[in-house]
Visitor: 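I have a structure I would like to understand better, so I am pasting it below and will then ask my questions one at a time.
Residue numbers run from 1 in the order of the sequence given.
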Amino acid sequence: MMKKLVVGIFGVFGIFGPLYSQNADRSFEIAKNLEIFSSVYKQLNQNYVDDVDPGKTIKVAIDAMLASFDPYTNYFPESDIEDVKLQLLGEYGGVGALIMQRGDSIFISEPYKGLPADEAGLKAGDRIVEVNGESTKGKKTSDVSGAMRGQAGTQVTLRLERDGKEFERTLTRREIKLPNVPYYGYVGDGSIGYIKLDEFTADAAKNVREAFVKLKKDKPSMRGVILDLRGNGGGLMNEAVDIVNIWVPRGTLVVETKGKVAAKNLKSYTRFQPEDTEIPLAVVIDGASASASEIVSGSLQDLDRAVIIGQRSFGKGLVQNILPMPYNSQMKVTVSKYYIPSGRCIQAIDYGHRDENGRALKVPDSLKTAFKTKAGRTVYDGFGIEPDIEVEPEYMSNLGMALAQKFMVFDYATLFCRSHKEIAPATDFEISDEVYADFCRFLKEKNLSYNTVTERYIKDLREVAKQEKYDEAIEQQLKEMEARLATEKESDLQKHREEVCEMLKAEILNRYYYDEGRLVGALKTDKVILRAIEELKK
C-alpha cells in the first residue's frame, strides 16, 4: 500500500513538477528584479549629486515600463484621477472651457454653453493672465488646465485680458459633464435622421436611444438614420453593446472578449427589446473611430444591419480595465482582445512584436483572415473596420493649414463677433462675399506667409544642385519657377475659397451657437453625410 502511495505521489509530481518549476522560476525572477530595482533607486537617492524626487522618479520608471506594452496601459497617480473620470465618465470638476497655447500665452479657445466660464462672460480669444494669482506666462496648457480644475463647489479666480484691458472673474467650479450626443436632427430633405455620438461615456446608449426615439416620433415617415462615429475614440464597452441593441433583436451576440484571465472572458449579448430592426441604418466612420466605435460599426456590419460609410477605422481591438492601486492611484491595463460577431478581431497593431527601433508592427496582409457576415459577405480581420462604401478623405490645402496654424481664422472670428451682435441661424448662415473680402483684407494686413510643397521641393533641389555643382546652371530657371509660383499663390484665396469659407463658417458658428452650431453648419456640405443620405434613399 505504502509503495503504491509513494508511486502515486511521484506520479502526480511528475505531471505537475514542470509546471511547479516554471512558476517557481517566474516568482524568483520577479522577486529578483524587484529587489534590483529597489536597490537602484536607493543608491540613486543616497548618492546622486542632486535631490531625487521620489514621486516623479518612480512615475517615470512606471511609465517607461508600461510603454513597452501598449499605449493604452497607463498608471494614474492620485493627482490625475480627474483625467480618468473625464475619460470614462465624460465629467470633471472645472469651469467648462477649452484652452490653447499661443507662444508663451494661454487663451480661451471655447467656453462650453451654460457652464461657469460661459455664464461669467468668458469669450474665445480671451487671454488667461493669472489663475489664483499665479501668472500663466510660459506655462503649458496642461499646467493651466490642472490649476483651473478642482472639486465641484470650490472657487477659482482668473485674471484675463481682452482688447488690451485686463479684468477678473471668480468662478465656482461645477461637476462638468460633457454631452456625448452633442446634436441630433434631420439632414437632406428632412427625411433622414442624424445622430452624432462623440464618446462612449456613461449613458451614451441611453442618450442615443432617446435621440432615435424622438426623431422617429417627430417624423414617423423617416426613411433612414445616420449614426456619426467619426473622431470617436471609444469608451465603455457596455455602452457600445446597448447602442447596437437599439437596432438589433434581444439576445444577439455583439462582442466577445478573450484574455489571459479566463474569468474576465465574456460574451456580451443585447439585453433589451430593440427600437427598430427594419429602418435603414448608416454608420459613418473615419481613421479616428476606434475601440467602442469599432464594436458598434463592426458588429452592425457583421450582422448586415447597417451600411458602413467613410474611411477605414483605427483598428483598436484591445480591452482595458481600471484596477485600483495603493494611495488612491489607478492603473488602466489591457486585459483582453475583443471579437465581433463574425469572429474577427480588428486589432491593427501587434504590440507583441517590434522592429529593431522598438516600433510595434502592423499585422501583415499575409496574416489577415477572411470571415463571413451573417449574410455571407466577406470581411477581414487585423486592420480596423473597412467601410462598405469608401469616401476619400479631404485633405487641407497648404493655405488652410497655414490659416489654422497661425490662428488667422480664429483671430478673424474674434474680431467678427465683436462687430456683429447676431447672425443668421446655423442652418442658414453662410460666408457672404462681403465677409470673405473683409477676411482677405485682414490677411493682407497680417502679411500671411506660408510654404507650399512645391516651394519646399525647389529649396531641396537648389541644395542638391549646389552639392552636385549644377547650381549656377539652373539657378535662373529656379528663380523663374519661384516667381511664377509666387504669382500663383496670390490667387490661392480664390482657388481655395470653398475650403476657407467652411473654416470661417465653422469658427464663427461655434462662437454664436457653440459646438451644436458648428456641427449643423457643416452637415449641408459634408461629403460623407451626403453619400450616406444618397445610400439610405435607395
Side-chain angles (χ1 to χ4, degrees), residues 19-88 92-94 99-106 128 130-151 154 156 259-261 318 320-336 349-361:
L19 179 61
Y20 174 82
S21 178
Q22 289 173 11
N23 289 337
D25 288 346
R26 189 174 185 83
S27 296
F28 172 73
E29 282 296 311
I30 292 171
K32 181 183 79 172
N33 284 285
L34 285 174
E35 185 177 351
I36 291 171
F37 178 81
S38 176
S39 296
V40 167
Y41 179 76
K42 286 178 181 177
Q43 292 299 328
L44 276 173
N45 189 53
Q46 291 172 8
N47 298 295
Y48 190 69
V49 62
D50 295 322
D51 285 340
V52 176
D53 182 332
K56 182 179 178 181
T57 305
I58 299 300
K59 177 70 163 58
V60 168
I62 292 172
D63 288 346
M65 174 179 66
L66 299 183
S68 68
F69 292 95
D70 63 50
Y72 316 110
T73 297
N74 310 118
Y75 168 73
F76 301 98
E78 185 178 10
S79 58
D80 291 346
I81 296 306
E82 284 292 322
D83 292 330
V84 179
K85 286 177 66 178
L86 177 59
Q87 288 181 33
L88 295 179
Y92 63 95
I99 61 175
M100 65 181 183
Q101 187 165 6
R102 295 179 62 174
D104 61 357
S105 296
I106 303 294
I128 304 174
E130 294 177 354
V131 179
N132 288 332
E134 188 172 345
S135 173
T136 63
K137 190 175 180 63
K139 292 195 173 180
K140 297 179 181 177
T141 53
S142 56
D143 298 326
V144 177
S145 177
M148 290 168 64
R149 289 182 183 179
Q151 189 173 353
T154 60
V156 57
K260 182 192 294 183
V261 182
L318 306 175
Q320 286 76 43
N321 280 176
I322 297 288
L323 305 179
M325 302 291 288
Y327 299 101
N328 296 318
S329 60
Q330 294 181 347
M331 186 163 66
K332 181 158 65 81
V333 183
T334 298
V335 295
S336 59
I349 305 293
D350 181 5
Y351 292 104
H353 296 86
R354 298 176 182 265
D355 62 18
E356 62 274 10
N357 296 313
R359 291 189 293 262
L361 302 173

Visitor: Applying side chain to side chain contact (heavy atoms under 4.5 Å, CB included), name anything that partners Gln320, two or more places apart in sequence or on another chain.
Guide: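 For Gln320, the residues satisfying side chain to side chain contact (heavy atoms under 4.5 Å, CB included) (neighbours in sequence not counted) are Tyr72, Lys316, Leu318, Lys332, Thr334.
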Visitor: Hey, does Ser329 have a side-chain heavy atom less than 4.5 Å from the side chain of Phe76?
Guide: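 No, too far: nothing below the 4.5 Å cut-off.
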Visitor: Kindly write out the residues that satisfy side chain to side chain contact (heavy atoms under 4.5 Å, CB included) with Met65, not counting sequence neighbours, or none if the list is empty.
Guide: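 Testing Met65 for side chain to side chain contact (heavy atoms under 4.5 Å, CB included), a comparison that skips the adjacent residues, returns Phe69.
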Visitor: Kindly write out the residues that satisfy salt bridge (charged side-chain N to carboxylate O under 4.0 Å, His left out) with Glu29, not counting sequence neighbours, or none if the list is empty.
Guide: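 Glu29: salt bridge (charged side-chain N to carboxylate O under 4.0 Å, His left out) contacts with Lys32.
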Visitor: Which residues satisfy the side-chain hydrogen bond (donor to acceptor under 3.5 Å, both in side chains) test with Asp51, sequence neighbours excluded?
Guide: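 In terms of side-chain hydrogen bond (donor to acceptor under 3.5 Å, both in side chains), with neighbours along the sequence ignored, Asp51 is linked to no residue.
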Visitor: Tell me which pairs pass salt bridge (charged side-chain N to carboxylate O under 4.0 Å, His left out) where either residue lies in residues 131-143, with sequence neighbours left out.
Guide: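 For residues 131-143: Asp104-Lys137, Glu134-Lys139.
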Visitor: Taking only residues two or more places apart in sequence or in another chain, which ones pass side-chain hydrogen bond (donor to acceptor under 3.5 Å, both in side chains) with Asp53?
Guide: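 Testing Asp53 for side-chain hydrogen bond (donor to acceptor under 3.5 Å, both in side chains), a comparison that skips the adjacent residues, returns none.
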Visitor: Any donor and acceptor pair, going by atom type alone, linking the side chain of Asn45 with main-chain N or O of Tyr41 inside 3.5 Å?
Guide: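 No, because the side chain of Asn45 does not come within donor-acceptor range (under 3.5 Å) of the backbone of Tyr41.
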Visitor: Write out all pairs satisfying salt bridge (charged side-chain N to carboxylate O under 4.0 Å, His left out) with one or both partners inside residues 33-48, taking only residues at least two apart or from two chains.
Guide: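 Residue pairs passing salt bridge (charged side-chain N to carboxylate O under 4.0 Å, His left out), neighbours aside: none found.
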Visitor: Taking all atoms of both residues into account, what is the closest heavy-atom pair of Ser145 and Ile99, and its distance?
Guide: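 The answer is N-CD1, 3.7 Å.
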Visitor: Would a 4.5 Å heavy-atom cut-off, applied to side chains only, mark Asn321 and Val333 as touching?
Guide: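 No, their side chains stay 4.5 Å or more apart.
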Visitor: Just grab all the salt bridge (charged side-chain N to carboxylate O under 4.0 Å, His left out) pairs involving residues 56-75, residues at least two apart or on different chains.
Guide: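 Qualifying pairs: Lys59-Asp63.
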Visitor: My understanding is that only residues two or more places apart in sequence, or in another chain, count here; which of them pass side chain to side chain contact (heavy atoms under 4.5 Å, CB included) with Asn132?
Guide: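 Residues passing side chain to side chain contact (heavy atoms under 4.5 Å, CB included) with Asn132: Val156, Thr157, Arg173.
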Visitor: The criterion is side chain to side chain contact (heavy atoms under 4.5 Å, CB included); which residues satisfy it with Tyr48, sequence neighbours excluded?
Guide: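 Only Leu44, Asp50, Val52 meet the side chain to side chain contact (heavy atoms under 4.5 Å, CB included) criterion with Tyr48.
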Visitor: Under a 4.5 Å cut-off applied to non-hydrogen side-chain atoms, are Tyr351 and Ser68 in contact?
Guide: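 They are not in contact (no side-chain heavy atoms under 4.5 Å apart), so the answer is no.
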Visitor: Treating Thr136 as the side-chain partner and Ile128 as the backbone partner, does any N or O pair qualify as donor plus acceptor under 3.5 Å?
Guide: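 Pair found, side chain donor or acceptor close to backbone of Ile128.
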Visitor: Start with the C-alpha distance between Leu66 and Met331, add both sets of side-chain angles, then the distance that settles side chain to side chain contact (heavy atoms under 4.5 Å, CB included), and finish with yes or no.
Guide: CA-CA 10 Å; Leu66 299 183; Met331 186 163 66; 4.2 Å; yes
Visitor: What pair of heavy atoms forms the shortest contact from Met100 to Thr141, and how long is it?
Guide: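 Heavy atoms of Met100 and Thr141 come nearest at C-CG2, 3.7 Å.
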